[in-house]
There are 2 protein chains.
Amino acid sequence: MKIDPKKPADLSAQIAQAIRDAIISGELIVDERLPSEAELSEQFQVSRPTVREALKRLAAQSLIRTQRGASGGAFVNRLSFEGAYSQQITTSTLLLSMNAISFDTACEARFALERACAALSAQRRTADQLATMRAEVHRQSQPGLTDEAFCASDVAFHRALVDGAGNPVLSYQLAGAVEAMQPLMNMITFTARSREAIIAFHNQIADALEDRDSTKVDTTLVELESYTRQLAQDVAQQRRNPA
Amino acid sequence: MKIDPKKPADLSAQIAQAIRDAIISGELIVDERLPSEAELSEQFQVSRPTVREALKRLAAQSLIRTQRGASGGAFVNRLSFEGAYSQQITTSTLLLSMNAISFDTACEARFALERACAALSAQRRTADQLATMRAEVHRQSQPGLTDEAFCASDVAFHRALVDGAGNPVLSYQLAGAVEAMQPLMNMITFTARSREAIIAFHNQIADALEDRDSTKVDTTLVELESYTRQLAQDVAQQRRNPA
DNA sequence: AGACTTTTAAATGTCAGACAAATAAAAATT
DNA sequence: AATTTTTATTTGTCTGACATTTAAAAGTCT
């Protein structure tokens, strides 16, 4: 773990990279305690604030966590799927909000990924996951639900569908796509009729999953996708021409 | 943009979140210059090192970039797909290396995503993308290629396939899955016969894409997946019992 | 002796002030 | 008018200090 003393700028970035490399290479293992800030500053021959900036960079990537007090310090994080989820979601949200990805593009990607999961989910979904989906559909049909709550339940439904594939990598990948779309989805005002239609699709999907009928799940998802895109288009049209 | 002065700990994290929210909400737009560190420290009523730690957190997520000198400062970054790629790859690599994801799980996820793209790619692939794929196949068939170079070409081939879908969100999602697997793939020693088999699959895929035959692409990808998993299993077996 | 309380030391979190280095704009010079 | 020099601004880094948290060690009481 060395840094180049010739480049006086970006010392904290160099130190962060050195520690990052040590973690990736396995030199520092999970839950291992890093040297204290004072020791690190001596080791790298820099001041403590510089070391701290480097550690903050790593903490932002949730590569390390810090703990105060005696026997505290910086510890190598086990990068959990949960931790990776939130990063993935933040990045995806930013990409969608800053790079002006069209709703259609995001929607297409989301359903393409979801259909990929659905085939596996039809084979492997547990009774528990199916029950979760049924429960979410039931919640969606309750009157007096706000649009936000409806959207949140929608996300939970699709998440259960994806989790049914039993592949954490897929779940992780899709979490970004699905949740990043939620702010955009929240802009849609769900009429009673559109809610009814979506619930019908959800019921069809749940039924097909219960029968382990992957073809039926796939076709229903295709229909749901085109319906969702139609809803978004209507919203866009109303914006342009609010009659 | 406010922070809660009641919680004295994690001030830098709070400030980072406040600025992050301002960026996500659009309050700070791309390429806009943030107030100087001195101004921020006054605005948030904290010291400059604390502000700096917050800014380093954001820089680690490439949400901002900093520039020294007069009229320098911190600027809101346009989060490009390129920037997001590398983050996605780093995270995926860490997940695979630290969380002991099995090769099978990663492989399944990768091909599930890739098949999702392939359907779109069959419709939309450009002549250019097809040519790239053909060129990579040609490279793969050249003798004297190292295993690493063969793997790299394999990645390039599949990347062209995914890019053919014309959906940057999908390309971004898959970049992580495909590239994070490369270290694992590099552990496989490709015999002349296995290379031949893989090249045959690639040729079939390219042919099917040329004919815009999505069904054929799909079935070939399924075959390639099972072949890849078989190769990995053989490697694992040889490890256990190096006869 | 054992359980509880107090002290202490170590570590991070924060602050203040200072200087170095880079950089662009303004001023001076040719 | 073009070039060079100066200057002001801003980030990068350093030094030293104090506050806060926390676990372990020391002490105290039953």
Side-chain angles (χ1 to χ4, degrees), chain A residues 1-20 22-23 28 31-77, chain B residues 1-20 22-23 28 31-77:
Chain A
M1 220 155 63
K2 290 273 155 53
I3 59 171
D4 185 2
K6 288 164 205 159
K7 295 176 97 181
D10 282 329
L11 275 178
S12 71
Q14 282 180 61
I15 292 170
Q17 190 58 50
I19 299 176
R20 192 177 2 250
I23 293 175
L28 294 169
D31 289 336
E32 184 170 335
R33 186 179 164 286
L34 294 177
S36 73
E37 294 176 354
E39 288 170 307
L40 283 174
S41 64
E42 189 164 350
Q43 183 178 333
F44 287 117
Q45 287 291 305
V46 297
S47 71
R48 197 160 81 93
T50 304
V51 168
R52 279 183 62 77
E53 287 182 5
L55 293 180
K56 292 307 166 196
R57 292 178 117 104
L58 299 173
Q61 296 183 307
S62 50
L63 277 174
I64 61 169
R65 63 180 182 280
T66 56
Q67 207 170 0
R68 283 217 275 196
S71 78
F75 297 84
V76 178
N77 254 339
Chain B
M1 218 154 64
K2 289 273 153 54
I3 59 171
D4 185 2
K6 288 163 204 160
K7 295 175 102 180
D10 283 329
L11 275 178
S12 71
Q14 283 181 61
I15 293 170
Q17 191 59 50
I19 298 176
R20 193 178 359 251
I23 294 175
L28 295 168
D31 289 336
E32 184 171 337
R33 185 179 164 285
L34 294 176
S36 73
E37 294 175 355
E39 287 171 308
L40 284 174
S41 64
E42 189 165 349
Q43 183 178 332
F44 287 117
Q45 287 291 306
V46 296
S47 71
R48 197 161 81 92
T50 304
V51 168
R52 280 183 62 77
E53 287 183 6
L55 293 179
K56 291 307 165 195
R57 292 178 117 104
L58 299 174
Q61 296 184 306
S62 50
L63 277 175
I64 60 170
R65 62 180 182 280
T66 56
Q67 205 170 4
R68 282 217 275 199
S71 77
F75 297 84
V76 178
N77 253 339

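Just the heavy atoms: all of them, side chains too, but no hydrogens, waters or symmetry mates, feed the values below. Below, chains carry the letters A, B, ... as their sequence lines are ordered, and counting in each starts from 1.
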Item to complete: Could you state the atom-to-atom distance from CZ of B/R68 to C1' of D/dT11 in whole Å?
Response: 6 Å

Item to complete: Would you confirm whether A/E39, through its side chain, and A/S36, through its main-chain N or O, come within 3.5 Å as a donor-acceptor pair?
Response: yes

Item to complete: Could you tell me whether the side chain of B/E53 reaches within less than 4.5 Å of the side chain of B/V46, counting heavy atoms only?
Response: no

Discussion item. What is the separation between atom CG on A/D10 and atom C1' on D/dG12, rounded to the nearest whole Å?
Written reply: 9 Å

Fill in: Proximal nucleotide (of D/dG12, C/dT14, C/dT12) relative to the A/S36 side chain
C/dT12

Practice prompt. Calculate the interatomic distance between A/L55 atom CG and C/dT12 atom P; express it in whole Å.
Written response: 8 Å

Item to complete: Please give the angle, rounded to 10 degrees, between the axes at the start and the end of the helix from C/dA1-D/dT30 to C/dT30-D/dA1, where five pairs define each axis.
Response: 10°

Item to complete: Select from A/G69 and A/E53 the residue whose nearest nucleotide in DNA chain D is closer to the 5' end of that strand.
Response: A/E53

Discussion item. Counting the atoms with a prime plus P, OP1 and OP2 as sugar-phosphate, which does A/R33 contact under 4.0 Å by heavy atoms, base, sugar-phosphate, or nothing?
Written reply: sugar-phosphate

Worksheet entry | Backbone of A/G72 reached by a side-chain donor or acceptor of A/R33 within 3.5 Å | yes

Worksheet item: Looking only at heavy atoms, which two atoms of B/D31 and B/F75 are closest? And how far apart?
Response: O-CD2, 3.6 Å

Practice prompt. Take atom CD1 of B/I15 and atom C1' of C/dC15, then tell me their distance rounded to the nearest Å.
Written response: 12 Å

Item to complete: Calculate the interatomic distance between A/F75 atom CZ and D/dT22 atom P; express it in whole Å.
Response: 13 Å

Worksheet item: Nearest to the side chain of B/R52, which nucleotide is it out of D/dT9, D/dT13, C/dT12?
Response: D/dT13

Worksheet item: What integer distance in Å separates B/L40:CG from D/dT10:C1'?
Response: 12 Å

Discussion item. Strictly distance-based, threshold 3.5 Å: is any side-chain N or O of B/S62 a donor or acceptor partner for the main-chain N or O of B/A59?
Written reply: no

Give me the distances for all protein-to-nucleotides 14-18 of chain D N/O pairs that come in under 3.5 Å?
| unit_1 | atom_1 | unit_2 | atom_2 | d |
| --- | --- | --- | --- | --- |
| D/dC14 | OP2 | A/S47 | N | 2.8 |
| D/dC14 | OP2 | A/S47 | OG | 2.8 |
| D/dC14 | OP2 | A/T50 | OG1 | 2.6 |
| D/dA17 | N6 | A/R48 | NH2 | 3.4 |

Discussion item. Could you tell me how far apart B/I64 (CD1) and D/dT10 (C1') are, to the nearest whole angstrom?
Written reply: 14 Å

Worksheet item: Do you know which of A/L34, A/L28, A/N77 makes side chain to side chain contact (heavy atoms under 4.5 Å, CB included) with A/I23?
Response: A/L28

Discussion item. Using a 6.0 Å cut-off, check whether atom CD of A/E32 has over 12 heavy atoms from anything other than its own residue.
Written reply: yes

Worksheet item: Is any side-chain N or O of B/S71 closer than 4.0 Å to OP1 or OP2 of C/dA25?
Response: no

Worksheet item: Are A/L63 and A/I19 close enough, and set up right, to give a side chain to side chain contact (heavy atoms under 4.5 Å, CB included), and what steps lead you there?
Response: CA-CA 10 Å; A/L63 277 174; A/I19 299 176; over 6 Å; no

Practice prompt. Apply salt bridge (Lys or Arg N to Asp or Glu O under 4.0 Å) to B/R68 and A/D10, showing your working.
Written response: CA-CA 11 Å; B/R68 282 217 275 199; A/D10 282 329; over 6 Å; no

